[in-house]
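Only one structure is covered here, and it is reproduced in the block below.
This is a predicted model, so every value here is computed, not measured. Each ligand, and each atom within it, is numbered from 1 in the order the structure gives.
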Amino acid sequence: MKLILLGAPGAGKGTVAKLLTKMDGSVQISTGDILRAAVAAGTELGKQAEAAMKAGDLVSDDLIMGIMGERLKEDDCKAGYLLDGFPRTIPQAEALKVLMKDIGEELDMVVDIQVARDVILDRLTTRRTCTDCGEIYNVKSNPPKEEGKCDKCGGPVVQRDDETEEAIGNRLDVFNEQTAPLVGFYEKEGNLVSVDATTSQSVIDAITARLDANK
Ligand code: ADP
Ligand code: ZN
């Protein structure tokens with residue numbers, strides 16, 4: 001399947017994407033993960049992205065399109081992909097449309113994962129992430145078996161730099177201003193599915209029902 005997962009920070013895009021990859025081998029492509037890996041590795045890309053990320057601002061559209069233009073041409077994308085955290089601005093969505101036309105592909109759907117703001121705030125402040133493999137935990141609902149240590153890979157499980165209260169507030173504002181308008185964009189394109197996401201499983205169910213209906 002080829003999907004875009006839209007939704008505020010903390011809506012559960014990454015969790016949903018990980019569950020979907022297990023269904024049909026589609027690959028999860030998270031621009032946030034790609035950027036965090038670049039920052040950790042200290043590459044040129046990482047240096048360009050670091051300050052904006054730490055503040056909870058967006059990195060430039062040019063930088064993101066450079067990454068995604070390459071990424072979507074890689075072999076593992078043949079099995080399908082779940083775009084997690086991309087596109088995030090109208091210019092990115094426009095550029096993606098051109099890119100997909102160039103490579104002769106079409107999206108199955110764009111899923112808007114809707115979660116109430118207070119739920120999101122609570123989730124983000126209690127979220128912890130493995131810096132090695134990206135696995136996501138929650139100190140209240142899903143802590144690692146051993147505190148601070150990833151169940152999957154043994155890597156360090158920590159609070160992200162951009163998960164301070166100040167950066168979270170900014171990320172939500174940035175989302176409302178720059179990313180929320182994508183809902184209207186994809187509504188016009190005719191492939192938007194809105195899901196009220198109380199649990200990640202309810203999102204998966206809505207997506208599989210829609211994929212079946214499209215067959
Ligand atoms: P979340 O969805 O939880 O906010 P991500 O891991 O998707 O977090 O992104 C973390 C940060 O990486 C963002 O706050 C932003 O600085 C940067 N980023 C990720 N994807 C994009 C994108 N498509 N456009 C611009 N910046 C991005
Ligand atoms: Zn891990």
Salt-bridge present (Lys18, Glu135; N to O < 4.0 Å): no

Side chains of Gln114 and Asp196, donor plus acceptor under 3.5 Å: no

Point-to-point distance, once rounded to the nearest 0.5 Å, from CD of Gln159 to OG1 of Thr164: 8.0 Å

Distance below 2.8 Å from the Zn ion (ligand 2): protein N/O/S atoms: Cys130 SG, Cys133 SG, Cys150 SG, Cys153 SG

No-hydrogen, no-angle side-chain donor-acceptor test under 3.5 Å, Glu166 and Asn170: no

Ion pair Lys13/Asp112, N-O distance below 4.0 Å: no

NZ/NE/NH1/NH2 to OD/OE distance under 4.0 Å, Arg127 and Glu163: yes

Side-chain donor-acceptor pair present, Tyr81, Glu105, cut-off under 3.5 Å: yes

Residues Asp62 and Ser60: side-chain donor-acceptor under 3.5 angstrom: no

NZ/NE/NH1/NH2 to OD/OE distance under 4.0 Å, Glu70 and Lys73: no

Quick one: ligand 1 N/O to protein N/O pairs below 3.5 Å?
residue  : atom   : partner : partner atom : Å
ligand 1 : 2 (O)  : Lys13   : NZ           : 3.1
ligand 1 : 2 (O)  : Arg88   : NH2          : 3.3
ligand 1 : 3 (O)  : Arg127  : NH2          : 2.9
ligand 1 : 3 (O)  : Arg171  : NH2          : 2.9
ligand 1 : 4 (O)  : Arg88   : NH2          : 3.2
ligand 1 : 4 (O)  : Arg171  : NE           : 3.3
ligand 1 : 4 (O)  : Arg171  : NH2          : 2.8
ligand 1 : 6 (O)  : Arg36   : NH1          : 2.9
ligand 1 : 6 (O)  : Arg36   : NH2          : 2.9
ligand 1 : 7 (O)  : Arg88   : NH1          : 3.2
ligand 1 : 7 (O)  : Arg88   : NH2          : 3.3
ligand 1 : 8 (O)  : Arg160  : NH2          : 3.3
ligand 1 : 9 (O)  : Arg88   : NH2          : 3.4
ligand 1 : 16 (O) : Asp57   : O            : 2.5
ligand 1 : 20 (N) : Thr31   : OG1          : 2.7
ligand 1 : 20 (N) : Gly85   : O            : 3.4
ligand 1 : 20 (N) : Arg88   : NH1          : 3.3
ligand 1 : 23 (N) : Gly85   : O            : 2.9
ligand 1 : 23 (N) : Gln92   : OE1          : 3.0
ligand 1 : 24 (N) : Gln92   : NE2          : 2.9
ligand 1 : 26 (N) : Val59   : N            : 3.2

